[in-house]
A.B. asks: 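Dumping the structure here so I can ask a few things about it.
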Amino acid sequence: MDEIVIDAQNLSKVFYHFDSRLPFIKRFLRPHQIMVQAVQDVSFTIKKGSIVGFIGSNGAGKSTMIKMLTGTLYPSSGKLEVNGEIPFERSINFRKNISVVVGNKLQLFQDVSAMDYFQLIGTLYEVEPSILQERILELSNLLDVTDQLYQQVRTLSLGQKMKMEFIAASITSPEILFLDEPTIGLDIQAKKDIREFLRKMNEEWQTTIILTSHDMDDISSVCDEVIVIDKGKILLQESMDIILSKFSDFKYLKIKMTLNSVPEVWPIKGMVLISQKDSEYLLKIPRDFVFEALEAISKLADIEDFELSNLSLEEIILQNYFTKKE
């Protein structure tokens, strides 16, 4: 039976703030508080060794959820256990077994080298010096920053700093790694390196990874499972494979053909023209009618080239969960 490392039951978080629309004197003499329900009666479980992505728009409740899971916010109501501990009690055992990386909040000391910072972390977490050195070298090789270990942190690029943050979060061998927008602002190569690193960390050390990101490539290339959250409520918790198979009812067909104008009626029911540039067309076609569509189009014009692809995770989520519902 799979071990549950995170168990949230009927979890809610409410914030209160003063109504800034009132004149200052009225706010002072007769304050009126507005209640904001950031997380509403949420229940979910996460198994040991899984990589779970939280998806949601700005203000959906993702970061609030991460803060409750890491113990920096306490729930307004409900029950929450992480590794058998209550997060907001912040026990030593709890803190030793988790690590947190926040993309827009670097924790490295800017005036020392990354190696100095790693040595400090190793001392605080009582990691054997020989083991610490071995982990630093292994992780720096994985992330291709060995040559920058002794540079002053402020001289590093953003991508190099984020890689050092990942090393700092990993050298203590945490059981759970929490990541909040970890690749924000990074270039393509840095993102690729970090995604590969996370996969390797999970496969080799069975680290449970919780990830929030607006970059769907982060989610689709790293996560095994997805939790969709909107307005503080969970809309979906499902494995990545099931989501892609369940909702990929359409495929994209990029086709180049000798056709000067778009026919008024495309030959396959449900086929939609997405875009056109010169003789290149992008069509969305029901999955079961792709070959029938190609055969029908070939009767209208000569096909010079074509490319077939699935709907992306981002498109699936947007179409099924973040469209306006009546």
Side-chain angles (χ1 to χ4, degrees), residues 6-22 27 31-46 51-80 82 87-88 98 100-107 158 162 165 176-186 191 194 209-223 225-238 240 243 247 311-326:
I6 296 178
D7 185 6
Q9 300 298 325
N10 306 114
L11 201 64
S12 294
K13 181 62 183 176
V14 177
F15 293 102
Y16 294 91
H17 65 86
F18 293 110
D19 190 349
S20 60
R21 294 169 296 181
L22 296 174
R27 272 185 278 161
H32 173 62
Q33 288 186 323
I34 296 176
M35 184 182 77
V36 178
Q37 189 94 34
V39 174
Q40 303 183 49
D41 196 30
V42 160
S43 297
F44 64 91
T45 58
I46 292 175
I51 309 181
V52 179
F54 278 82
I55 301 176
S57 55
N58 290 327
K62 304 185 305 299
S63 293
T64 300
M65 188 73 70
I66 292 293
K67 288 174 182 176
M68 286 194 288
L69 293 174
T70 55
T72 53
L73 279 178
Y74 64 88
S76 300
S77 62
K79 177 185 175 183
L80 176 61
V82 176
F88 65 84
I98 71 164
V100 184
V101 176
V102 181
N104 59 1
K105 188 178 181 181
L106 298 177
Q107 301 178 75
L158 176 60
M162 283 307 304
E165 289 279 355
I176 307 176
L177 178 60
F178 293 95
L179 308 172
D180 193 2
E181 300 289 349
T183 62
I184 189 169
L186 301 187
K191 289 184 178 185
I194 286 172
I209 299 174
I210 312 300
L211 167 66
T212 76
S213 181
H214 284 107
D215 189 330
M216 287 297 108
D217 288 337
D218 285 349
I219 302 292
S220 59
S221 61
V222 173
C223 296
E225 189 175 340
V226 168
I227 295 177
V228 179
I229 184 169
D230 188 39
K231 297 179 180 178
K233 296 180 179 180
I234 288 181
L235 304 182
L236 172 75
Q237 180 177 7
E238 194 59 88
M240 186 72 69
I243 289 174
F247 293 103
L311 293 181
S312 68
L313 176 65
E314 182 174 16
E315 290 160 334
I316 291 171
I317 297 299
L318 283 172
Q319 289 178 16
N320 291 280
Y321 294 97
F322 295 137
T323 54
K324 290 185 179 179
K325 295 179 174 64
E326 297 298 330

A.B. asks: Return the set of residues passing side-chain hydrogen bond (donor to acceptor under 3.5 Å, both in side chains) with Gln37 (not counting sequence neighbours), or none when no residue passes.
C.D. replies: none

A.B. asks: Atom OG of Ser220 and atom CD1 of Ile243: how far apart are they, to the nearest 0.5 Å?
C.D. replies: 11.0 Å

A.B. asks: Taking the side chain as every heavy atom from C-beta outward, state whether Leu106 and Met162 have any atom pair closer than 4.5 Å.
C.D. replies: yes

A.B. asks: Evaluate the side-chain proximity of Leu73 to Phe88: yes if any heavy-atom separation is below 4.5 Å, no if none is.
C.D. replies: no

A.B. asks: With rounding to the nearest 0.5 Å, note down the distance linking CG in Asn10 to OG in Ser43.
C.D. replies: 4.0 Å

A.B. asks: State which residues pass side-chain hydrogen bond (donor to acceptor under 3.5 Å, both in side chains) with Lys191; sequence neighbours excluded, sorted by chain then number.
C.D. replies: Asp215

A.B. asks: Could you go through Val52 and Gln237, starting from their C-alpha distance and side-chain angles, then the distance that decides it, and tell me whether this counts as side chain to side chain contact (heavy atoms under 4.5 Å, CB included)?
C.D. replies: CA-CA 9 Å; Val52 179; Gln237 180 177 7; 5.5 Å; no

A.B. asks: Checking Val226 against Met240 for the side chain to side chain contact (heavy atoms under 4.5 Å, CB included) test, could you report, in this order, the C-alpha distance in whole Å, the side-chain angles of both residues, the deciding distance, and whether it holds?
C.D. replies: CA-CA 6 Å; Val226 168; Met240 186 72 69; 3.5 Å; yes

A.B. asks: Looking at residues at least two apart in the chain, or sitting in another chain, which of them share a ring pair (Phe, Tyr, Trp, His ring centres under 6.0 Å) with Phe54?
C.D. replies: Phe44

A.B. asks: With side chain to side chain contact (heavy atoms under 4.5 Å, CB included) as the test, would you mind laying out the steps for Leu179 and Thr212 before giving the verdict?
C.D. replies: CA-CA 6 Å; Leu179 308 172; Thr212 76; over 6 Å; no

A.B. asks: For a 4.5 angstrom cut-off between non-hydrogen side-chain atoms, does Leu158 reach Leu186?
C.D. replies: yes

A.B. asks: Is there side-chain contact between Glu165 and Gln107, with at least one heavy-atom pair below 4.5 Å?
C.D. replies: yes

A.B. asks: What residues, two or more places apart in sequence or in another chain, satisfy side chain to side chain contact (heavy atoms under 4.5 Å, CB included) together with Lys233?
C.D. replies: Gln40

A.B. asks: Keeping the roles fixed (side chain from Glu181, backbone from Leu211), state whether a donor-acceptor pair exists under 3.5 Å.
C.D. replies: no

A.B. asks: Less than 4.5 Å apart, side chain to side chain, heavy atoms only: is that true for Leu177 and Ile210?
C.D. replies: no

A.B. asks: Would the distance check show the side chain of Lys13 and the main-chain N or O of Tyr74 forming a donor-acceptor pair, the cut-off being under 3.5 Å?
C.D. replies: yes

A.B. asks: List in chain and number order the residues that pass side chain to side chain contact (heavy atoms under 4.5 Å, CB included) with Thr45, two or more places apart in sequence or in another chain; answer none if no residue qualifies.
C.D. replies: Ile4, Asp7, Gln9

A.B. asks: OG of Ser76 to CG of Leu11: how many Å apart, nearest 0.5 Å?
C.D. replies: 9.0 Å

A.B. asks: Looking at Leu69 and Val82, what are the two nearest heavy atoms and their distance?
C.D. replies: O-CG2, 3.6 Å

A.B. asks: So Ile227 and Ile55, do their side chains get closer than 4.5 Å, heavy atoms only?
C.D. replies: no

A.B. asks: For Ser213, what residues pass the side-chain hydrogen bond (donor to acceptor under 3.5 Å, both in side chains) criterion, not counting sequence neighbours?
C.D. replies: Asp218

A.B. asks: Show me the side-chain donor-acceptor pairs of residues 58-68 shorter than 3.5 Å, one per line, residues at least two apart or across chains.
C.D. replies:
from, atom 1, to, atom 2, distance (Å)
Asn58, OD1, His214, NE2, 3.1
Lys62, NZ, Gly56, O, 3.0
Lys62, NZ, Ser57, O, 3.2
Ser63, OG, Asp180, OD2, 3.1

